[in-house]
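Below is one structure, written out as structure tokens, with a few remarks after it.
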Amino acid sequence: MAPPARWLRREVFVGLALGQFVSLLITSTGFASSELARRGVNAPTSQSLLNYILLALVYGGTLLYKRQNMTIKWYYYLILGIVDVEANYIVVKAYQYTSLTSVMLLDCWSIPCVIVLTWIFLKTKYGLRKFIGVGVCVAGLILVVFSDVHASDRAKGPNPLKGDLLVIGGSMLYAISNVTEEYFVKKSNRIEVMAMLGVFGAIISGIQIILEQKELRSTHWTAGAILPFIGFALAMFLFYSTVPIILKICGATMLNLSLLTSDMWAVLIRIFAYKEKVDWMYFVAFAGTATGLVIYSYRGSRQISEETAQVTQAIDEEAATANSAAQVPGVGDDGPASNKDFSLAATASR
């Protein structure tokens with residue numbers, strides 16, 4: 001029997017739905033950061049600290065309860081924690097110099113960075129359909145830029161150029177973090193990755209928060225400042241909890257493509273929450289980006305058949321190797337673990 005069409009496979013719908021969920025979450029963090037910047041709260045590390053603490057408590061507690069052994073060395077998680085903390089710091093810092101719209105438009109720079117990194121380090125293969133999907137997504141975003149709906153908004157900020165450069169730098173760090181996290185999730189498990197990222201993220205943020213003591217003391221902590229602070233942390237916690245699932249199902253490129261719609265969600269929120277009027281091209285851009293996501297996710301039945309054949313062949317080879325080892329005395333007993341398990345998992349995931 002031929003495998004089901006790619007459109008009917010549940011993972012496609014799950015990946016697309018989760019992608020839009022995290023897109024809404026990242027929009028929420030953007031609004032929270034913008035609101036805090038508007039109120040004069042300049043503490044990007046403090047904003048992220050609560051998120052890392054939540055990750056460490058929830059997933060670290062789960063890891064301890066299950067008594068799972070670590071599958072990846074701790075110093076790799078330390079490097080991931082440094083990259084992730086600084087990416088959050090730089091992007092949140094950018095809200096002090098430029099506008100919400102500029103940040104959401106420029107963070108698409110992470111997409112080509114992710115494609116290059118996954119191609120080099122994860123050996124991800126991108127066919128013509130994948131590039132067409134990426135092109136349609138980016139074209140949808142370009143429509144937003146050329147519509148010039150938020151031209152006046154993008155001009156706001158004490159130093160837009162500095163803010164824009166910070167966003168581009170932060171997007172590159174996000175790309176490194178996403179690709180590294182994708183590798184860790186596929187090699188290990190989501191609980192371990194989130195727990196260790198939370199632990200090291202909290203430690204690094206706790207040390208770095210010393211640089212923000214002056215800003216924290218000078219901040220007038222009213223309900224208007226505390227609520228966006230807490231909202232940012234909760235949205236980031238949900239975002240970090242959902243991202244590994246998307247990375248395992250679809251990969252880092254699909255994640256970053258899904259985040260392109262965050263600017264469109266921001267517009268819809270402004271329409272309904274602030275009663276603002278926007279140009280019709282925003283809706284065309286949203287539809288274009290959604291179409292690009294579907295094109296990127298789609299794989300024909302022929303490709304699925306080839307993948308199924310590859311997995312079946314790998315399983316047969318593994319079984320044959322195990323049988324050969326069992327027939328030779330002293331071979332296969334308490335020997336060193338083979339790398340074939342991870343190779344098989346990687347083949348199945350692709």
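- By the 4.5 Å heavy-atom criterion applied to side chains, Phe239 and Val243 are counted as neighbours.
- In this structure, NZ in Lys93 is found 10.5 Å from CD in Gln47, a value given to the nearest 0.5 Å.
- Partners of Leu18 under the side chain to side chain contact (heavy atoms under 4.5 Å, CB included) rule, at least two apart in sequence or in another chain, are Val14, Thr242, Ile245, Ile246.
- Within the 4.5 Å cutoff, no side-chain heavy atoms of Tyr59 are placed close to those of Leu54.
- With values rounded to the nearest 0.5 angstrom, Tyr95 atom OH is found 6.0 Å from Thr29 atom OG1.
- Inter-residue side-chain proximity for Pro44 and Glu212 is flagged as met; some heavy-atom pair is nearer than 4.5 Å.
- Linking ILVMFWY side-chain heavy atoms closer than 4.5 Å, directly or via other members, places Ile191 and Leu64 in two distinct hydrophobic clusters.
- The closest donor-acceptor contact from the side chain of Ser218 to the backbone of Glu215 lies under 3.5 Å.
- For the residue pair Thr180/Tyr76, the side-chain donor-acceptor check at 3.5 Å is not satisfied.
- Side-chain contact between Asn88 and Asp84: present, with at least one pair of heavy atoms (C-beta onward) separated by less than 4.5 Å.
- Here the CG atom belonging to Leu211 is positioned 10.0 Å from the OG atom belonging to Ser46, to the nearest 0.5 angstrom.
- Side-chain atoms of Leu255 and Val114, non-hydrogen and from C-beta on, never get closer than 4.5 Å to each other.
- With hydrophobic clusters built from ILVMFWY side chains whose heavy atoms lie under 4.5 angstrom apart, Val83 shares a cluster with Tyr75.
- Taking all atoms of both residues into account, the shortest heavy-atom contact from Ala195 to Leu63 is CB-CD2, 4.1 Å.
- Ser241 places none of its side-chain heavy atoms less than 4.5 Å from the side chain of Met194.
- In this structure, Gln68 CD and Asn189 CG are separated by 5.0 Å, a value rounded to the nearest 0.5 Å.
- Gly81 approaches Ile204 most closely through the heavy-atom pair C-CD1, 3.6 Å.
- Closest heavy-atom contact between Val41 and Ala225: CG2-CB, 4.2 Å.
- Rounding to the nearest 0.5 angstrom, the gap separating the CG atom in Leu25 from the CD atom in Gln20 is 11.0 Å.
- Within the 3.5 Å criterion, the main-chain N or O of Thr71 finds a donor-acceptor partner in the side chain of Glu192.
- Applying the 6.0 Å contact sphere to CZ of Phe121 captures no more than 12 heavy atoms from other residues, nucleotides or ligands.
- Classified by interplanar angle (parallel below 30°, tilted 30° to 60°, perpendicular above 60°), the ring pair Tyr52/Tyr240 is perpendicular.
- Relative ring orientation between Trp74 and Phe200 is described as parallel, the plane-to-plane angle staying below 30° on a 0-90° scale split at 30° and 60°.
- Side chain of Thr62 to main chain of Val58: a donor-acceptor pair is present (N/O by atom type, distance under 3.5 Å, no hydrogens or angles).
- Members clustered with Val199: Ile203, Ile207, by chain and number, using a 4.5 Å side-chain heavy-atom cutoff among hydrophobic residues.
- If you chain together hydrophobic residues whose side chains sit under 4.5 Å apart, Ile209 and Trp221 fall into the same group.
- Phe184 and Leu80 make their closest contact through CD1-CD2, 3.8 Å (heavy atoms, listed as atom of the first residue, atom of the second, distance).
- Val193 is listed as a side-chain neighbour of Glu181, based on a closest heavy-atom distance under 4.5 Å.
- Criterion: ILVMFWY side-chain heavy atoms under 4.5 Å apart, direct or through other members. Under it, Val92 and Leu227 are not part of a common hydrophobic cluster.
- For the atom pair Leu238 CG and Leu24 CG, the distance stands at 11.5 Å (nearest 0.5 Å).
- Across every non-hydrogen atom of Gly198 and Leu55, the tightest pair is CA-CB, 3.7 Å.
- A side-chain contact (heavy atoms from CB on, under 4.5 Å) with Thr118 is found for one member of Lys123, Lys125, Glu182 and no other, namely Glu182.
- A donor and an acceptor atom, one from each side chain of Tyr97 and Asp164, are nowhere located under 3.5 Å apart.
- No side-chain heavy atom of Thr124 sits less than 4.5 Å from a side-chain heavy atom of Ile115.
- Closest non-hydrogen pair, Ala32 versus Phe232, comes out as CB-CB, 3.9 Å.
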